[in-house]
Amino acid sequence: MPTYHYIATKPEDGCPRCSKGFDLRRPISRPALTECPLCKTPVRKVITSVNTPRVSKPMSVSDAKSAGFTILEKRCDGSYEKL
Ligand SMILES: [Zn+2]
């Protein structure tokens, strides 16, 4: 499952999570996320393959946590679980 990085289109309107950007793993068949799952502020997908070296080395959850990211995984019931 690919990991996408999202950030609020207007960071000043977002919650602390999306105003700084967050990573989200979701099936490639799903349409792009359009709003923050936490505060519903519009978000845009950030293309990270251009200038982030970590693409070649996928971040583990523990790596992401230590880097300050919060990993959200969508569960079957539609809610997001904080790992
Ligand atoms: Zn938000």
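Whatever order the structure lists them in is the order used to number ligands and atoms, beginning at 1.
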R26 side chain to Y4 main-chain N or O, any donor-acceptor pair under 3.5 Å? no
Rounded to the nearest 0.5 Å, what's the gap from CG on L24 to CG on L33? Could you check? 6.0 Å
Under the ring-ring contact (aromatic ring centres under 6.0 Å, His included) definition, can you give me all pairs with a residue in residues 12-47, not counting sequence neighbours? Y6-F22
Minimum heavy-atom separation for A32 to K45, with atom names? CB-NZ, 4.4 Å
Neighbouring protein N, O or S atoms of the Zn ion (ligand 1), below 2.8 Å: 4
Checking the side chain of T9 only, and the main-chain atoms of P42 only, is there a donor and an acceptor separated by less than 3.5 Å? yes
Between T41 (side chain) and D13 (backbone), is there a donor-acceptor pair under 3.5 Å? yes
